[in-house]
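In what follows, a structure is listed as C-alpha cells, so that the remarks can point back to it.
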There are 2 protein chains.
Amino acid sequence: MAKSPTVYDVAQAAGVSIATVSFTFSRPSRVKPATRAAVLAAAQALGYVPSASARGLAVGHTKSFGLIFWDGSTPPAGRFDQVNAGLRHFPRWVHEVQYGIERAAWSQGYAIMVGDGDASDVDTTAVDIAGRVDGLVLLPHMLTPETLMRVAERIPVVSVTEGADHPHLNSITVDNRQGMTDLVRHLVEAHGIRSAEFVGATGTPDYRARFAAFRDTLEEAGIPAPAAPAAAFPTSHDRTDAYVCRTDADALALLEQLQARGVRVPEDVIVTGFDGLAAGLIARPTLTSVRQPMHDLGVAAVELLLNRIADPESPTEHRRFPVELTVRQSCGCR
Amino acid sequence: MAKSPTVYDVAQAAGVSIATVSFTFSRPSRVKPATRAAVLAAAQALGYVPSASARGLAVGHTKSFGLIFWDGSTPPAGRFDQVNAGLRHFPRWVHEVQYGIERAAWSQGYAIMVGDGDASDVDTTAVDIAGRVDGLVLLPHMLTPETLMRVAERIPVVSVTEGADHPHLNSITVDNRQGMTDLVRHLVEAHGIRSAEFVGATGTPDYRARFAAFRDTLEEAGIPAPAAPAAAFPTSHDRTDAYVCRTDADALALLEQLQARGVRVPEDVIVTGFDGLAAGLIARPTLTSVRQPMHDLGVAAVELLLNRIADPESPTEHRRFPVELTVRQSCGCR
DNA sequence: TTGAAAGCGGTACCAC
DNA sequence: GTGGTACCGCTTTCAA
C-alpha cells in the first residue's frame, strides 16, 4: 500500500499546476484538450484516487447520507432463539426500506453510510455519522432529544417513525392505526374471531400505535382485549382465535413454531403480520398482513433530505403514507 | 441549518486553544478535569459535531469500509417480472453477508459505506468510494482489471468471488464445486433423477462454477447434461425431473411460479436452490439448498481488511469456505 | 487557459 | 497541562 498520489503528484507528472488538475476533473471543458489528456494520462498512470476527505473539507459536504436503523427485529432471548435461530435476522423490514433509500440516493449521486443502530451508545454513533454526511435518516429514531437537536441543527434529519416531533426533524410515517384497525375488523367481520392476542413487544411508537389500535378495535367490537402484548412468544397453544403480530418477521417466526408443534394455521388459529414483507408471499400459508410502501418510504426519506439541502430554510416536512390490508391465507382467506 | 461550530468556536467559548479542544476528545486524560468540563460544556452548548472530513484529512484514514455489491438477483425481464414482482429483490444473498460485514466492522469502530453496485459505471463508483474509505469489499467483483489495480494499490480490497486473482486482491470464496457436486449426487442417488435443468444465467464466476459442477456431476452419473442453463425461467412444465437453480432467490421465485401453475413440488418436479438463505425455511416446501456461511464470509472479509491495515506488507490472503448440503422438502426429503 | 495562494476543520508535534 | 502552528489534499477565487 504505497502512499497514494495526490493532486500535487499528478500535477507534477503532467507538468501543470494543481488547479489545472482539479479543473480537469470538475470542469473538463475549461481545460484545453491537450492539457486535459496529459492530466488524465498522468492520473491513470499514477493510480490517482481523489481523497474524499480533502474534497469534503474544501467544499463543505460529502455527497453521502447516513442511515441508522433499529427495527426491533432482534427478538427477545429465550426459546425463540433456539427455535428460530436461522430466522432471527431475516427477512428485515429495514432492508426493504433501505433499498428504496439506496436507489433514490444513488440516483442523485449520493452514497449511503450505514451506522450501528444497535450500538450500546447510539447517540455517540449518531453524532459520529452525522459528522460524515449531508443528511441522516433514522429507522426509526431512538436518539435522545439532546442528540437529536444537536444533529438536526447541523444537517437535515428525517425519522421514519411514528410520533417524531422536533422543530428540525422531518418525518415519514405510515398509518399504523388505520392499518391495524382494518386488519382487526377483517378478522372480526370476515372470520368471526371472539378473542385475540397481540404478539411482540411494543418498544417503539409504531408498535405502540399498532397495539393501541388493536385494543381499541377489539373493544369496539365488544371483544375483550388483552391489557398487554403476550409476554413472550406463545409457549403452548393458548386458547385464542388469532395471533396478531406486531411485524411480519414475528409472524413468520411464529408460523414456524406453530407448525413445528403441529398447530394448523389458519384452521386452529389465525396468524397475521404487519409490514408486508416480500417473504410473506413465500410462506405457506401466505401471510395476511398490512402492507407498508417500504420502497416509497425510503425514496421519500431521501426526497425530504434533498429538499432541505436545496433550500435549508424550507419548513420541515411530515409525510404520512397509507397502508393496505393484504388478505392472504394465514387468516383463512383464499 | 446554521453554519456548524468548529473547534475554533468551541475553543473560544471555552476560553482555551483548539489544541486543548482536540485533546479533550482524543485523550481526555491529558486534560485537567476542570478544563475538560468547560470544553465539553461549550461543545454541548454549541452543538458541536466534529467534521469527519477534516479529521480524515488530518489523520489519513476514515475509519470506514466501503461495500459494493451486485448479486445478480435482479432477474431477467419478461414473465418473471410479472409473476413475481414482489419477490424480485428479496430475499437477497448480499443482505446476509452484509449483516456479517456490518457487525464485524462496527465492533471495530468502522462504519460501512455502501456504493451503487448496479451503476452503469461501476468503475467510477468504485474509485469514488475507494477515495472515502480505508478498505473495500466487493460482492462479488465486476470491476475492470485497471480499476481494480488502481484501487487495490491504494487500499486493501477483498473480493467475495470465485476466481479473483490479482497481486493486491484478497479474496473470500466458497466451495461452489463441492456444493453443487454434493447436491446433484444427492438428487441422483437418493431420488433417482434421470434428467435435470439448470436455472439461472451464469453471469459470475461463482455461477459458472456451479453450472460446471452441475454438468460434470450429471455426466459422471451417465445422465445427459444440458449444454447451457435454461434460457429463461421454464415457461411450461418442461419434461425434467429437477430444476437446479443457481441461487435460492431463483428457486424461491420458481417455486411460486410452479405452484401458481398447479405443478406440485417435489411430487411433479424437484426444485433446489443454492445459498441457504433464511427464506428457504419459510417457504413450503422448505427449500433444499447448499448453505454458505454468509455471516462468516462477511466477518472474514472485514478480518482480511483489518489484517492488511494492521500490516500493509503482509501478503494477500485467500480464504475458501466449505458449504453444506441442506436437504429439505423441495427435493422430496422429509 | 492556467497558476498562485488562501482557506476548509481537524491533528499532533514542539515549546513553554 | 496548555498553546502555537505546520500540515493533511482539494477547491476556488483572483491574476496573469
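Just so we're on the same page: letters track the sequence lines, and every chain starts at 1.
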Which word best sums up how the rings of [X] and [Y] line up, parallel for under 30°, tilted for 30 to 60°, or perpendicular for over 60°?
X        : Y       : value
A:Tyr110 : A:Phe65 : parallel
B:Tyr48  : B:Phe25 : tilted
B:Tyr99  : A:Phe90 : perpendicular

Do [X] and [Y] have side chains that get closer than 4.5 Å, going by heavy atoms?
X        : Y        : result
B:Leu169 : B:Leu148 : yes
A:Val97  : A:Leu139 : yes
A:Val39  : A:Val16  : yes

Expressed in angstrom and rounded to an integer, what is the separation of A:His61 atom NE2 from C:dG9 atom C1'? 16 Å
Just the rounded figure in Å: distance from C1' of C:dG7 to CG of B:Leu57. 12 Å
Using the 3.5 Å cut-off, write out each protein N or O paired with an N or O of nucleotides 2-6 of chain C and the distance between them.
from: C:dT2; atom 1: OP1; to: A:Thr35; atom 2: OG1; distance (Å): 2.2
from: C:dT2; atom 1: OP2; to: A:Lys32; atom 2: N; distance (Å): 2.9
from: C:dG3; atom 1: OP2; to: A:Ser17; atom 2: N; distance (Å): 2.8
from: C:dG3; atom 1: OP2; to: A:Ser17; atom 2: OG; distance (Å): 3.0
from: C:dG3; atom 1: OP2; to: A:Thr20; atom 2: OG1; distance (Å): 2.5

If you apply the rule side-chain hydrogen bond (donor to acceptor under 3.5 Å, both in side chains), what do you find for A:Ser53 with A:Ser51, and how did you get there? CA-CA 5 Å; A:Ser53 292; A:Ser51 155; 4.5 Å; no
Would you indicate what A:Phe25 reaches in the nucleic acid, counting non-hydrogen atoms under 4.0 angstrom: base, sugar-phosphate, or nothing? nothing
Would you say B:Ser22 places a side-chain N or O within less than 4.0 Å of OP1 or OP2 belonging to C:dT11?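 For C:dT11, OP1/OP2 do have a side-chain N/O of B:Ser22 under 4.0 Å.
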First and last nucleotide of DNA chain D in contact with chain A, 5' to 3', at under 4.0 Å to a heavy atom: what are they?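 On DNA chain D, the outermost contacted nucleotides are D:dG9 to D:dT13.
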Want to settle it: does B:Ala54 or B:Arg27 sit nearer the 5' end of DNA chain C, counting the closest nucleotide to each?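 Final value for this comparison: B:Ala54.
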Starting at the 5' end of DNA chain C and moving along, which residue's nearest nucleotide shows up first, B:Ser26 or A:Val59? A:Val59
Taking B:Ser171 as the fixed residue, which of B:His166, B:Glu317, B:Glu162, B:His318 is the one that meets the side-chain hydrogen bond (donor to acceptor under 3.5 Å, both in side chains) rule?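 Running side-chain hydrogen bond (donor to acceptor under 3.5 Å, both in side chains) over B:His166, B:Glu317, B:Glu162, B:His318 with B:Ser171 returns exactly one hit, B:His318.
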